[in-house]
2 protein chains.
Amino acid sequence: MRIESRIYEETQKLKLAVDCIIFGFNDNRLELLLIHRGFEPEKGKWSLIGGFIGNDEDLDEAANRVLYNLSGLQNIYMEQVRTWGKANRDTSGRVISTTYSAMILKSEYDEEKVSAYNTKWFPIDELPELVFDHRDMVESAIRRLRRRVRNFPIAFNLLPQKFTLPQLQMLYEGILNETIDKRNFRRKVFQMKFLVKLDEKDMSESRKGAYFYYFDEALYNKEQNFNL
Amino acid sequence: MRIESRIYEETQKLKLAVDCIIFGFNDNRLELLLIHRGFEPEKGKWSLIGGFIGNDEDLDEAANRVLYNLSGLQNIYMEQVRTWGKANRDTSGRVISTTYSAMILKSEYDEEKVSAYNTKWFPIDELPELVFDHRDMVESAIRRLRRRVRNFPIAFNLLPQKFTLPQLQMLYEGILNETIDKRNFRRKVFQMKFLVKLDEKDMSESRKGAYFYYFDEALYNKEQNFNL
DNA sequence: GCAAAAGTGTTAAAACTACACCCATGA
DNA sequence: TCATGGGTGTAGTTTTAACACTTTTGC
């Protein structure tokens, strides 16, 4: 029974890759960081940031190394999404790929980096043609993000440390692609105890100004109930 | 930048496996089907049903083939759980493994099969020592199962086609490891429209007898709201 | 007739939805 | 002073949670 497995053990000829789905938020829209593919096959198309895993490297580490090498992004917390293993998904050979996703502050990944690395931000409803099955990967990651963003305090990664409630609400509206009632949203936010109000206002978006808040992780860890 | 990836493309030396987490239900407890490991390393311990993926085989197909070869189970619907990629997780070499999980009717996988394939059912809170990181895999799959069983009609796979509501409730209590109020449970079940009552009673568990029901997938597909 | 499991309703609390006006400020 | 976005409360509805007795039947 196991002999069959042993055969594969000797002869397996496939490669394992990671692909990173990097979300940002800009102009009230969810965006994705893509990279221009400069080699065949599918040269010239856009692609997720991906590469092959090293022999002695944890899968999670590989995702971080690849991301760093190809985009300059460092110390990014990524979560595994799923593994894509159709036999013919990559036309250059047998490649299985595990996707990871992360949310970053777009303002920290600026024009300079973007041009140095041949990357570009795209709003998620204006994606260019992607290589292989990267489109499916992206859609799967977006679905996962929409599910998780309601139950875990992960969306704050897309905002600066100090943010206003109107900003937060627009972020949720952008991610979920739906409008949310302002008063209900604020009530829910306040019921959870981990947003701390500052005495300082953001005067850049309105005459009146909106108070800044920050997310207090220690407070969140006490209760860990999150529901938006 | 991409050159580095190219190097890996030439020299990558790792193997990709699948491991199957097979759930059953018996004696009001959730059980797991494990296989006795008959080879080194870790010979003699218990293990998930796993094997290596073929060069031209979809990852999903590999899971099914491996499951069939090692257990005789066929045409089982499995869902991918996640991929385990710590560099040193398998002491026999670099192996990355993707886990799949399935729920089957234990009565259809009988004593005969169990002894023919060196497998055995274990209640999930009485698992033996498992090889490598299989324990983590199991725990992750159980967490996922508990999440999904509330929102999708997947638990019916663990019951015969015709089942009673007391049976269904005990199944949920077993999976979730909590007690559920009988009246609230029944109300919720009836609010969803896809359980069809039969005129026939199961007289084997009580004097009074409990009506049989079956899950009507077509009815479920009309609404697809599920919440237990 | 009694033991054992199946079946059945109501009430209070909590969560959710919809909705409209005043406030603070810079121009 | 007015235009703009920030901020606030209430009422109706729905969902959830807690809880106890009657029914059926084989023995």
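Chain letters run A, B, ... following the sequence lines, proteins first and then strands; every chain starts at 1.
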Lys/Arg cation over aromatic B:Tyr214: B:Lys162, 6.0 Å, 45° cone: no
Which residues share a side-chain contact (heavy atoms from CB on, under 4.5 Å) with B:Asn221, sequence neighbours left out: B:Glu217, B:Gln224
Decide yes or no for A:Ile53 and B:Ile96: does some side-chain heavy atom of the first lie under 4.5 Å from some side-chain heavy atom of the second? yes
Between B:Trp121 and B:Tyr109, what is the ring plane arrangement, given parallel below 30°, perpendicular above 60°, and tilted in between? perpendicular
Under 6.0 Å from the ring centre and within 45 degrees of the ring axis: does the NZ or CZ of B:Arg187 meet both conditions for the six-membered ring of B:Phe190? no
Nucleotide by nucleotide, nucleotides 15-20 of chain C touches protein heavy atoms under 4.0 Å in the pattern (B base, S sugar-phosphate only, - none) -SBBBB
Strand-adjacent residues in residues 161-180 of chain A, judged by heavy atoms under 4.0 Å from DNA chain D: A:Pro166
From CZ of A:Phe190 over to C1' of D:dG9, roughly how many Å is that when rounded to an integer? 14 Å
Rounded to whole Å, the CZ-P distance (A:Phe212 to D:dG6) equals 12 Å
If you take atom types as modelled and just measure distance, does the side chain of B:Lys208 reach the base of C:dA6 with a donor-acceptor pair under 3.5 Å? yes
Do B:Arg65 and B:Tyr68 meet the cation-pi criteria used here (NZ or CZ under 6.0 Å from the six-membered ring centre, within 45° of the axis)? no
Distance, rounded to the nearest Å, where B:Arg186 contributes CZ and D:dC21 contributes P: 19 Å
Closer than 3.5 angstrom, by distance alone: can the side chain of A:Asp58 be matched with the main-chain N or O of A:Asp60 as a donor-acceptor pair? no
Protein-nucleotide distance (B:Tyr211, atom OH; C:dG7, atom C1'), rounded to Å: 10 Å
Spacing of A:Asp202 atom CG relative to C:dG26 atom P, expressed in whole Å: 13 Å
Is any side-chain N or O of B:Arg207 closer than 4.0 Å to OP1 or OP2 of D:dC27? no
Starting at CD of A:Glu205 and ending at C1' of D:dT4, how long is that distance when rounded to a whole Å? 12 Å
Can you see which heavy atom on B:Gly209 is nearest to which on B:Ser206, and at what distance? N-OG, 2.8 Å
Give the rounded distance in Å between these two atoms: OH of A:Tyr213 and C1' of D:dG6. 10 Å
Parallel, tilted or perpendicular: which describes the rings of B:Phe156 and B:Phe215, with under 30° parallel and over 60° perpendicular? parallel
